[in-house]
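This report concerns only the one structure given below.
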There are 2 protein chains.
Amino acid sequence: MQLRMTNQREIILTELKKSGSHLSADELYERVRRIIPRLSLATVYRNLEILSNLHLIAKLEVGGRQKRFDYDVSDHDHIYCIVCHRVDNIELNREQVSTVAAEGRQGYTVTGYRLEFAGICPECQKKMNKEMNKETNE
Amino acid sequence: MQLRMTNQREIILTELKKSGSHLSADELYERVRRIIPRLSLATVYRNLEILSNLHLIAKLEVGGRQKRFDYDVSDHDHIYCIVCHRVDNIELNREQVSTVAAEGRQGYTVTGYRLEFAGICPECQKKMNKEMNKETNE
DNA sequence: TTAAGTGCAAAAATTTTGCATTCTT
DNA sequence: AAGAATGCAAAATTTTTGCACTTAA
């Protein structure tokens, strides 16, 4: 089965790249729909599946219900905000992690790993501080 | 809201513990249903939610569609088989990982992390070897 | 007794699929 | 042309919710 570059596929890729972030299928759908109004969500799912199988994009299964897709396929890890669910990249020394990991792998052939941090992003921290102040002043 | 120990809740906990593994809601449902045939899947979900909020069990969001639940709430990490989707514990030095992680956290307050390995479990390796041999002999 | 918990059925949320039609190559 | 890809609607999967009834404390 050979691949074809359709309008939909191209714009899905472009928009994911342009976003510079980790979009869920329906977020991407909303964006691409502004350009191709008759786009179907199924097309987005089908393309994301195909493109991630080809490693042209990465499929993330981070916290939260929905899967997210990343234009950046390089090995890197993520941190997600437990309050607003945004996802950011986090830079760290992957080799060191691999070294630590080499230990108790119980007969598995390890093909990869995913290190995912959870935390509260700067914006949500600010919001929470404001809320705190409000309550204190009441 | 105070908690009550119902029959359902108790058996859900016991069966999860007895399994010694990381069950999805519906796997647990099947097991508990053998004991309480009129059990509802909704009850399983509600209990797993409540129990994981109380940290009596842990909710895992590992690879694959469904969430999984673990009787073991201690800090430990997981490895899952990309072929059969089973999940096993993996022992490693969490402090070392934290040290590596301290680096590029971009303003986030880190509340935790999840390190999840992917690989092929011993059983699936065996199966794959058998398949390979079969094909070679044909 | 009372309000937490349950079963059931219906809904919500996310993802996948069948099929006729439209495109890329 | 051929068959890959699409749109649409319907289905599948996983999880949540409303509500009347049951049960633990």
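Letters A, B, ... are given to chains in the order of the sequence lines, protein chains preceding strands, and every chain is numbered from 1. Side chains included, hydrogens not; waters and symmetry mates left out as well; all remaining heavy atoms used.
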Rounded to whole Å, please give me the gap between [atom1] in [X] and [atom2] in [N].
X	N	atom1	atom2	answer
A/Glu10	C/dT24	CD	C1'	12 Å
A/Arg68	C/dT14	CZ	C1'	13 Å
B/Leu3	C/dA3	CG	P	16 Å
B/Tyr45	C/dA11	OH	P	19 Å
A/Ile12	D/dG7	CD1	C1'	13 Å
B/Leu23	D/dT14	CG	C1'	16 Å
B/Leu28	D/dT14	CG	C1'	15 Å
A/Asn53	C/dT16	CG	P	11 Å

Looking only at side-chain N and O atoms, does [X] come under 4.0 Å of OP1 or OP2 in [N]?
X	N	value
A/Thr6	D/dT6	yes
A/Ser40	D/dC8	no
A/Gln8	C/dC23	no
A/Asn7	D/dT6	no
B/Arg38	C/dC8	yes
A/Gln2	C/dT24	no

salt_bridge([X], [Y]) N-O dist < 4.0 Å:
X	Y	answer
A/Arg68	A/Glu27	yes
A/Lys126	A/Glu123	no
B/Arg46	B/Glu49	no

Sorted by position of nearest nucleotide on DNA chain C, 5' first, the leading residue of A/Arg46 and A/Ser24 is A/Ser24

Name the residue closer to the 5' end of DNA chain D, choosing between B/Arg4 and B/Lys59 according to the nucleotide with the nearest heavy atom.
B/Lys59

Side chain of B/Ser21, backbone of B/Leu23: donor and acceptor closer than 3.5 Å?
no

Under the 3.5 angstrom rule, does the side chain of B/Ser52 hit a backbone N or O of B/His55 as a donor-acceptor pair?
no

[X] side chain: which of [options] is closest?
X	options	answer
A/Thr43	D/dA5, C/dA9, D/dG7	D/dG7
B/Asn47	C/dT6, C/dT15, D/dG7	C/dT6
A/Ile50	D/dA5, D/dC8, C/dT14	D/dA5
B/Leu39	C/dG7, C/dT2, D/dA4	C/dG7

Is there, by distance only and without an angle test, a donor paired with an acceptor across the side chain of B/Arg9 and the base of C/dG5 below 3.5 Å?
no

Would you kindly check whether a donor in the side chain of A/Arg33 faces an acceptor in the base of D/dG7, or vice versa, at under 3.5 angstrom?
no

Would you indicate what A/Leu41 reaches in the nucleic acid, counting non-hydrogen atoms under 4.0 angstrom: base, sugar-phosphate, or nothing?
base

At under 4.0 Å between heavy atoms, what does B/Asp26 touch on the DNA or RNA strands: base, sugar-phosphate, or nothing?
nothing

Quick one: closest heavy-atom pair of B/Leu48 and B/Ile12, and the distance?
CD2-CG2, 4.3 Å

